[in-house]
Protein chains: 2
Amino acid sequence: MKVVKNSKKRDAVRAYIMGTDSHPTAEEIYAKVRTIFPRISLGTVYRNLNQMEESGEIKRLSFTDGPDHYDYNTSTHYHYICRKCGRIYDMPTGVKDAILKAVEAGAPGTVESHDLVFYGVCNECRNSSGNLL
Amino acid sequence: MKVVKNSKKRDAVRAYIMGTDSHPTAEEIYAKVRTIFPRISLGTVYRNLNQMEESGEIKRLSFTDGPDHYDYNTSTHYHYICRKCGRIYDMPTGVKDAILKAVEAGAPGTVESHDLVFYGVCNECRNSSGNLL
DNA sequence: ATTAATAATAGTAATGATTATTGTTTTAAT
DNA sequence: ATTAAAACAATAATCATTACTATTATTAAT
């Protein structure tokens, strides 16, 4: 069994993820952590993200386009992506039970997990006048 | 405005997708169409898939891991992926209304579309004894 | 039917995100 | 302090997909 050793770089990656609600990508995390450790490599960010995902500390979010994002919130919840600004919001949690209840009956097997993503234009984008899209 | 011209290759791609429920990948489509047009290139498959997706003929499915899949069924419906065999099933349609109703209230913007994927082990895999996973 | 314009194609190079490799540096248990 | 393993930086490799380019096929107008 492999021992996990301390790592200042991993600490910095973890600290950044835990401190933001922005669901950052590996590149964004890399850019931030580099202000503290200018010589950290992108591979180190990916390796630590994968390790933290495997240990259940964080969750990886994959969407149709673009790179993966990372989320410190590992409980089952859903996301909303604005097609103008690309921001990723958390959805309120009330939805989940309704979905699971409606689904269980008709699935072609056991349902162990599910991913649900909503797309639209967020209120902030709708209200700002200088839109490009 | 760009004119769409006839294309035997595109016809073959379309015919294969329309004739299968397996939600094939570009590579799988490529392999099949190559039995008819041995010199077709993978780029041609991708180009035609993208064109058919833009025109609304087919739908592209992106999942967390692996390549994209393509679906002739463009109406809103959900998928179930077996984590043993990887097969992609269609989910029964009753789920949708419950979800939309539960969601509309709390979203941070308009909800224009959503993607929902379920993961589990399908009954076929559960019942087969010679499993490797 | 011939021509001319342009869409479609094959073949290949390029891209973007991620993973793998390798030689060096840290960590932590003795 | 010694040592074994984990973490690292730097870089190469991989995979899915897109872009490029010279050629071929399709179509509309003559």
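Numbers restart at 1 for each chain; the letters A, B, ... are given by sequence-line order, proteins then strands.
Protein atom NZ of A:Lys9 is 9 Å distant from nucleotide atom C1' of C:dT26, rounded to whole Å. For B:Arg10 and C:dA10, the CZ to C1' distance is 16 Å, given to the nearest whole Å. Look at CG on A:Asn6: it is 4 Å from P on C:dA28, rounded to the nearest Å.
Residues from residues 48-62 of chain A with heavy atoms under 4.0 angstrom of DNA chain D, sorted by number: A:Asn48, A:Gln51. A heavy atom lying under 4.0 Å from DNA chain C marks the following residues of residues 20-42 of chain B, by number: B:Arg39, B:Ile40, B:Ser41.
Residues A:Leu61 and A:Met18 fall into different hydrophobic clusters, defined by Ile, Leu, Val, Met, Phe, Trp and Tyr side chains chained together at heavy-atom separations under 4.5 Å. B:Met52 and B:Tyr72 end up in the same hydrophobic cluster when Ile, Leu, Val, Met, Phe, Trp and Tyr side chains are linked at under 4.5 Å. A single hydrophobic cluster is not seen to contain both A:Tyr78 and A:Ile58; linkage of ILVMFWY side chains at heavy-atom distances under 4.5 Å, directly or through other members, places them apart. Cluster membership check: B:Tyr70 shares its hydrophobic cluster with B:Val33, using side-chain heavy-atom separations under 4.5 Å among Ile, Leu, Val, Met, Phe, Trp and Tyr.
Taking the centre of each ring, A:His69 and A:Phe63 come in below the 6.0 Å mark.
The phosphate of C:dT9 has neither OP1 nor OP2 within less than 4.0 Å of any side-chain N or O from B:Thr44.
Tested against A:Glu53, the residues A:Lys59, A:Arg60, A:Arg47, A:Arg14 include a single salt bridge (Lys or Arg N to Asp or Glu O under 4.0 Å) partner, A:Arg60.
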Report task. Output, in order, the C-alpha distance, side-chain angles, deciding distance and verdict of side chain to side chain donor-acceptor pair (under 3.5 Å) for B:Asp115 and B:His79. Result -> CA-CA 9 Å; B:Asp115 288 340; B:His79 295 101; over 6 Å; no
Requested in this report: Before giving the answer on side-chain contact (heavy atoms from CB on, under 4.5 Å), spell out for B:Thr76 and B:His114 the whole-Å C-alpha distance, their side-chain angles and the decisive distance to 0.1 Å.
Outcome: CA-CA 9 Å; B:Thr76 298; B:His114 61 287; 4.3 Å; yes
**Report entry** Chi angles and distances behind the side-chain contact (heavy atoms from CB on, under 4.5 Å) call for A:Ile81, A:Arg87
**Finding:** CA-CA 6 Å; A:Ile81 302 177; A:Arg87 256 175 292 215; over 6 Å; no
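Judged by atom type and distance alone, A:Lys8 does not reach the base of C:dT26 through any side-chain donor-acceptor pair under 3.5 Å.
Separating the CD1 atom in B:Ile88 from the OG atom in B:Ser22 is a distance of 8.5 Å, to the nearest 0.5 Å.
Residue B:Arg47 is classed as a base contact, given a heavy-atom separation below 4.0 Å to a base.
In plain terms, the two heavy atoms of B:Cys82 and B:Val121 that are nearest each other are SG-CA, 3.8 Å.
Read 5' to 3', the first and last nucleotides of DNA chain D with an atom closer than 4.0 Å to a heavy atom of chain A are D:dA4 to D:dA10.
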